Protein chains: 2
Amino acid sequence: MRRSSEQTKATILAAARERFAVDGYERATIRSIAADAAIDPSMVMRYFGNKEKLFAAAAEFDLQLPRLAGLDRDDVGARLVEHFLDRWEGDEALMVLLRSAVTNAEAAHRMRAIFAEQLRPVTDEFLGERDDGGQRAALAASQILGLALARYVLRFDPVVAMSRAELVAWVGPTVQRYLAGRPEASV
Amino acid sequence: MRRSSEQTKATILAAARERFAVDGYERATIRSIAADAAIDPSMVMRYFGNKEKLFAAAAEFDLQLPRLAGLDRDDVGARLVEHFLDRWEGDEALMVLLRSAVTNAEAAHRMRAIFAEQLRPVTDEFLGERDDGGQRAALAASQILGLALARYVLRFDPVVAMSRAELVAWVGPTVQRYLAGRPEASV
DNA sequence: GTCTATAATTCGATAGAC
DNA sequence: GTCTATCGAATTATAGAC
């Protein structure tokens with residue numbers, strides 16, 4: 001079947017996202033992506049140049065974080081956890097990055113860029129001017145990424161079994177404390 | 001140079017651990033491991049059969065968790081974080097698993113086994129008989145793994161820059177709450 | 001826009017000489 | 001115990017016909 005240039009490119013990109021999300025950068029092959037897209041492997045090269053550029057296109061995405069300023073101040077932790085659960089389950093974008101960033105330097109760089117350019121501005125606006133803003137945002141990111149790792153990648157039974165509400169009830173306060181609490185405060 | 005069987009095997013295993021820790025299962029090659037060990041690639045096959053068995057040998061390890069029963073009850077979170085920071089920085093064993101478990105099914109299975117067979121018994125003894133023991137242990141694992149991911153793999157600047165004491169002060173209470181607190185409790 | 005053919009590497013694995 | 005030689009498969013990437 002003859003398709004338009006745009007159609008073809010979009011089909012390849014969708015197949016690439018799926019493969020990169022499941023297999024990570026090294027195991028995902030141009031051949032397997034082409035097969036999923038029901039197209040010849042050379043077409044992938046034609047439209048994206050090489051594997052690296054294809055990954056760059058597939059890994060491009062927007063966290064779509066809400067502004068925290070408008071939220072109840074005691075509620076930002078839970079809201080953030082809910083938002084990230086939605087983003088993890090909504091599409092493969094975050095999984096593409098996580099699965100590749102562990103062994104691929106370029107993907108890890110992307111992760112850091114997204115942290116700096118998309119998460120930091122949002123938490124900074126909430127936190128105001130303070131010198132531990134980077135630490136607090138990074139700690140929140142560590143828990144959110146760790147939760148995704150345990151639930152979607154490593155598939156630890158108890159975390160897989162927990163409901164969205166349970167996860168928010170447990171992890172929300174952690175993120176809340178990282179963003180708004182004192183280090184020593186707990187329980 | 002002619003070496004003994006034991007020597008050779010140990011040298012190969014050490015090189016394998018390093019490579020798997022840095023590159024993960026797919027990128028680490030038998031050839032590169034052999035080169036690091038200054039030995040012929042065929043020797044690796046001779047001693048370990050195939051790549052899968054070599055990984056199994058390299059990924060075998062003991063968390064060496066302390067018994068929590070003997071500790072101050074309000075202190076287990078901080079002690080666990082300290083212990084894991086030591087284990088992450090002491091040798092490559094945990095990194096071997098983390099770098100591979102994200103894209104390799106066998107490594108992920110190993111991770112779950114270590115969680116179930118080494119972490120669970122220790123937290124269960126501390127928690128006593130209760131039905132949310134698995135959830136609590138898994139939540140603690142999610143934060144500890146997320147911290148390692150941010151600090152050692154993704155290298156988020158703020159987390160890399162934080163001292164051991166700062167990390168314990170921030171993350172200790174989180175683990176403490178997962179093991180001993182109530183879900184809603186925070187700040 | 002699509003595909004065939006193929007170059008150039010690289011990998012895991014095996015056979016066998018010394 | 002160590003190495004050479006090599007197979008067979010898979011990969012990215014390119015050139016060019018239709």
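Only a predicted model underlies this, so the values are computations on that prediction, with no experimental measurement involved. Proteins come first, then strands; the chains are lettered A, B, ... in the order of their sequence lines, and each starts at number 1.
- Side-chain contact, A/T174 with B/R177: a donor N or O sits under 3.5 Å from an acceptor N or O.
- Using a 4.0 Å heavy-atom distance criterion, B/Y47 is classed as a sugar-phosphate-only contact.
- Of the candidates D/dA13, D/dT11, C/dC3, D/dA13 carries the atom nearest the A/N50 side chain, counting heavy atoms from C-beta on.
- Within 6.0 Å of atom CZ in A/R130, more than 12 heavy atoms from other residues, nucleotides or ligands are found, so the atom counts as buried in its surroundings.
- Side-chain atoms of B/S32 and B/T29 include a donor-acceptor pair closer than 3.5 Å.
- Within 6.0 Å of atom CD in B/E52, 12 or fewer heavy atoms from other residues, nucleotides or ligands are found, so the atom counts as exposed in its surroundings.
- In this entry the distance linking CZ of B/R27 with P of C/dC11 reads 11 Å, nearest Å.
- Among the protein residues, A/S42 comes within range of the nucleic acid bases, having at least one heavy atom under 4.0 Å from a base atom.
- Candidate nucleotides D/dA13, C/dG12, D/dG1 were compared by shortest atom distance to the side chain of A/M45, and D/dA13 ranks first.
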message: side-chain contact (heavy atoms from CB on, under 4.5 Å), that's the test. Do B/L145 and B/L149 meet it? Break it down for me.
response: CA-CA 6 Å; B/L145 287 171; B/L149 188 68; over 6 Å; no

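- Distance, B/R31 CZ to C/dG12 P: 7 Å, rounded to whole Å.
- Looking at heavy-atom distances under 4.0 Å, B/A28 makes contact with sugar-phosphate atoms alone, never a base.
- At whole-Å resolution of the value, CD1 in A/I33 and C1' in D/dT11 are 13 Å apart.
- Distance B/I12 CD1 to D/dG1 C1': 11 Å, rounded to the nearest Å.
- Taking atom NZ of A/K51 as the reference point, atom P of D/dT11 lies 9 Å away to the nearest angstrom.
- Between C/dG1 and A/T8, no contact under 4.0 Å exists linking OP1 or OP2 to a side-chain N or O.
- To the nearest angstrom, C1' of D/dA13 lies 14 Å from CG of A/L54.
- Straight-line distance from the CZ atom of A/R46 to the P atom of D/dA13: 17 Å, rounded to whole Å.
- Per the geometry, CD1 belonging to B/I39 stands 6 Å off P belonging to D/dC3, to the nearest Å.
- Summary of the strand contacts: B/M43 and A/E26 both lie near DNA chain D, and taking for each the nucleotide with the nearest heavy atom, the more 5' one is attributed to B/M43.
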